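What follows is a single structure, written as structure tokens, with notes after it.
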Amino acid sequence: MGTERKRKVSLFDVVDETSISLAKMSKSNGGGGAAANQNAVSSMINRWTGKPYSQRYYEILEKRKTLPVWHQKEEFLQALKASQSLILVGETGSGKTTQIPQFVLEAVNSESSDKRKKMMVACTQPRRVAAMSVSHRVAEEMDVTIGEEVGYSIRFEDCSSSRTVLKYLTDGMLLREAMTDPLLERYSVIILDEAHERTLATDVLFGLLKEVLRNRPDLKVVVMSATLEAEKFQGYFSGAPLMKVPGRLHPVEIFYTEEPERDYLEAAIRTVVQIHMYETPGDILVFLTGEEEIEDACRKINKEIGNLGDQVGPVKVVPLYSTLPPAMQQKIFDPAPPPVKEGGIPGRKIVVSTNIAETSLTIDGIVYVIDPGFAKQIVYNPRVRVESLLVSPISKASAHQRSGRAGRTQPGKCFRLYTEKSFQNDLQPQTYPEILRSNLANTVLTLKKLGIDDLVHFDFMDPPAPETLMRALEVLNYLGALDDDGNLTKLGEIMSEFPLDPQMSKMLVVSPEFSCSNEILSISAMLSDFLLCKHCPNCYICMQMLMHVVEVVMCQIRLSSATVLSREAQKAADEAKARFGHIDGDHLTLLNVYHAYKQNNEDPSWCYENFVNQRALKSADNVRQQLVRIMGRFNLKLCSTEFNSRDYYINIRKAMLAGYFMQVAHLERTGHYLTVKDNQVVHLHPSNCLDHKPEWVIYNEYVLTSRNFIRTVMDIRGEWLIDIAPHYYDLANFPQCEAKRVLEKLYRKREDKDENKNRR
DNA sequence: GAGCACTGC
């Protein structure tokens with residue numbers, strides 16, 4: 001009662017203030033009717049803050065009114081009112097991401113103003129940066145402070161409060177929330193944005209929300225997508241109404257090649273040169289598949305255009321891929337170079353990029369796009385439990401997205417380096433959703449935690465291969481996360497709370513039993529650090545070195561980058577290896593680097609001098625803190641073995657094995673390694689820090705490149721296998737191989753030992 | 001003695 005009164009008073013106060021300013025205004029405007037004044041007054045009050053709108057608000061409002069989606073506001077609100085779920089298709093530039101959630105907000109509150117229940121509107125995004133930047137923009141549009149009425153929530157950062165009514169969050173974050181709030185009861189409307197990207201988290205949310213909708217008639221779901229896969233979404237959400245919003249892109253003219261290209265890299269470079277020679281000014285964006293290819297292409301483009309001399313304008317060739325340090329990534333936003341002489345031929349910026357420029361990063365000013373039609377994609381083979389990256393043809397949807405990048409600021413052109421026939425007949429309409437291409441062990445664990453017991457009948461939009469689900473269930477059962485009936489165990493429940501792969505969360509949860517949870521925490525953080533090359537210990541070092549060299553030899557780089565960089569980087573990597581390397585394994589090397597970093601008080605200049613990547617370490621430390629908090633929630637002890645004890649490293653290696661006993665390789669007498677049980681021939685990746693070839697190793701990752709490599713490896717002992725994972729190393733259920741014979745011997749030895757013990 | 005598309009919790 002009291003607060004209600006207070007609220008009214010303050011509102012009244014504000015109204016009073018504005019009517020004064022309004023009175024002044026109407027005076028200068030020559031006045032207006034009292035009723036009109038009253039209306040104008042209420043529309044000048046921000047209903048969220050109770051304060052009058054700022055000048056900036058009105059300025060932005062004018063721009064908002066020109067967005068295509070604004071014209072369909074009423075249509076949208078009616079559709080939303082009429083049904084529980086709704087599909088909205090809008091191309092880039094329609095304004096859907098910023099405006100639709102605001103429309104929803106208006107509708108929701110006007111409908112349930114009496115209930116006064118604290119209900120939020122959620123809008124998911126596949127990427128953190130998007131969640132963050134869009135929420136800032138919308139807070140500005142609504143004339144409120146970010147983190148108050150409008151907020152965002154991403155890993156490591158919750159910028160929302162009890163006042164928040166609109167929250168942007170990553171799809172993975174909403175999935176996490178669902179684990180503790182299965183009916184998502186704090187939300188009245190959930191908007192899944194960028195649904196066409198079909199991330200793993202969005203796909204799981206689809207299935208989950210479909211169930212929640214049945215249990216919560218008051219909940220509404222809006223699915224927003226950029227492509228015409230909308231009919232599929234519509235069918236999935238049992239005929240939800242479909243609304244289309246036009247985009248606001250400039251026209252892009254598409255060109256195909258007459259004949260298929262034999263060498264797309266060569267063709268791409270040739271096309272760049274031709275555009276530069278014959279087309280009107282405007283920057284070029286070239287899509288290639290990976291770092292090495294991109295660096296190679298940049299060198300060749302510079303060389304070929306250099307050969308043309310001053311008959312053409314100057315160029316600035318910029319590579320772009322995710323592992324490039326941010327400072328280098330920034331270069332894509334630099335302007336094109338000016339003409340060499342005043343009034344000369346204008347310069348051109350040429351960005352050579354991976355898929356990152358297709359979705360994650362937008363570069364304005366691009367007028368020409370070159371699309372060879374390939375991208376590296378991950379594929380999962382459940383038979384051998386291996387994920388690998390393969391260069392494969394893109395989808396029509398992807399090609400469409402790429403060409404759209406040419407029309408952001410003016411009409412553009414897109415050169416597809418394949419035939420039109422090939423586009424029509426060979427490219428599949430959509431990129432295979434991630435859920436069909438991934439190892440699902442972690443996803444299955446999440447689903448179990450969400451209370452989905454029957455995975456086979458769970459309503460996936462695209463059901464994964466049964467074999468993939470079986471593999472995931474099998475792995476989780478071996479780890480002890482699921483019992484033999486497929487039910488979540490207590491251990492599994494704890495494991496599901498960690499934002500890590502099941503193997504890693506398993507080793508973390510059991511690490512106190514091996515008296516080394518502090519060390520396993522550090523190793524886990526270093527391994528799961530996603531900001532930089534997480535895999536090779538060298539990369540914690542070489543990146544910093546690269547940047548150092550870049551500064552020192554600034555202008556020479558363009559001429560002889562390959563030789564200078566790799567020699568220096570190699571030297572740095574070798575030095576670092578000598579300093580931090582641990583002969584028993586790469587995981588222990590990572591631990592050494594982390595310890596050294598902490599012992600030197602995270603000092604940036606120490607990092608610099610030791611070629612250690614501070615950014616990577618800082619991020620690992622952040623992950624570690626999050627993991628420590630989760631350990632605390634479950635009363636998992638933080639402990640270490642005495643550093644000088646003989647068992648210090650042994651305990652760590654045993655704890656690691658408790659999680660990774662399914663990723664073991666055995667050294668055969670022939671001199672090569674075979675993975676245990678799957679019997680695949682593998683090779684130690686040359687980046688390893690071992691000084692010997694151990695008989696048994698565990699590995700973090702299996703990569704298929706020029707050969708089958710196992711990367712990030714550690715020496716373990718055969719006896720530990722039968723001690724720590726006897727259920728997996730049960731020989732009755734083991735393929736015939738050399739490893740089996742060795743294990744048989746180990747079992748016999750242990751039996752003899754036990755007998756001796758009993759006799760005594 | 002090789003060479004890692006892109007996200008996310």
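In what follows, chains carry the letters A, B, and so on, assigned in the order in which the sequence lines appear, proteins first and then strands, with residues in each chain numbered from 1. Because the structure is predicted, anything quoted here is derived from the model rather than measured.
- Within 4.0 Å (heavy atoms only), A:Ile154 reaches sugar-phosphate atoms of the nucleic acid but no base atom.
- For the residue pair A:Asp715 / A:His692, a side-chain donor-acceptor distance below 3.5 Å is found, with atom types taken as modelled.
- Side-chain atoms of A:Tyr673 and A:Glu695 include no donor-acceptor pair closer than 3.5 Å.
- Here A:Thr354 reaches the OP1 or OP2 of B:dC6: one of its side-chain N or O atoms lies under 4.0 Å away.
- Along DNA chain B, the nucleotide nearest to A:Leu320 and the one nearest to A:Leu500 differ in position, and the one closer to the 5' end is contacted by A:Leu320.
- Within the nucleic acid shown, A:Glu292 comes within 4.0 Å of sugar-phosphate atoms alone, with no base atom in reach, counting heavy atoms only.
- The side chain of A:Arg711 approaches B:dC4 more closely than any other nucleotide in the set B:dA5, B:dC4, B:dG8.
- Note: CD (A:Glu291) to P (B:dG3) measures 13 Å, nearest angstrom.
- With DNA chain B read from its 5' end, the first of the two nearest nucleotides for A:Gly290 and A:Gln626 is the one closest to A:Gly290.
- At B:dT7, none of the side-chain N or O atoms of A:Arg155 fall inside 4.0 Å of OP1 or OP2 (strictly under the cut-off).
- One finds a side-chain N or O of A:Lys376 lying less than 4.0 angstrom from the OP1 or OP2 phosphate oxygen of B:dC4.
- Rounding to whole angstrom units, CD of residue A:Glu197 and C1' of B:dA5 are separated by 13 Å.
- Each of B:dG8, B:dC6, B:dC9 was ranked by its minimum atom distance to the side chain of A:Arg127; first place goes to B:dG8.
- In this structure, A:Arg707 atom CZ and B:dA2 atom C1' are separated by 10 Å, rounded to whole Å.
- Residue A:Thr199 is out of contact with every strand shown, counting any heavy-atom pair closer than 4.0 Å.
- Side chain to side chain, A:Glu177 and A:Tyr187 meet the donor-acceptor criterion of an N or O pair below 3.5 Å.
- Considering only the side chain of A:Pro686, B:dA2 comes nearest among B:dC9, B:dA2, B:dT7.
- Atom pair A:Asn442:CG and B:dG8:C1' shows a separation of 10 Å (rounding to whole Å applied).
- Between B:dC9 and A:Thr170, a contact under 4.0 Å exists linking OP1 or OP2 to a side-chain N or O.
- Side-chain contact of A:Tyr152 with A:Glu157: a donor-acceptor pair under 3.5 Å is present, judged by distance alone.
- Between the P atom of B:dC9 and the CE atom of A:Met504 lies a distance of 16 Å, rounded to the nearest Å.
- Ring orientation note: the planes of A:Phe233 and A:Phe206 are tilted relative to one another, at an angle of 30° to 60°.
- Between the CE atom of A:Met132 and the C1' atom of B:dT7 there is a distance of 15 Å, rounded to whole Å.
- Side-chain contact, A:Tyr264 with A:Glu293: a donor N or O sits under 3.5 Å from an acceptor N or O.
- Residue A:Asn708 contributes atom CG, which lies 16 Å from atom C1' of B:dG3 at whole-angstrom precision.
- Contact annotation for A:Phe498: no contact, since no heavy-atom pair falls under 4.0 Å across all strands.
- Distance A:Gln125 CD to B:dC9 P: 12 Å, rounded to the nearest Å.
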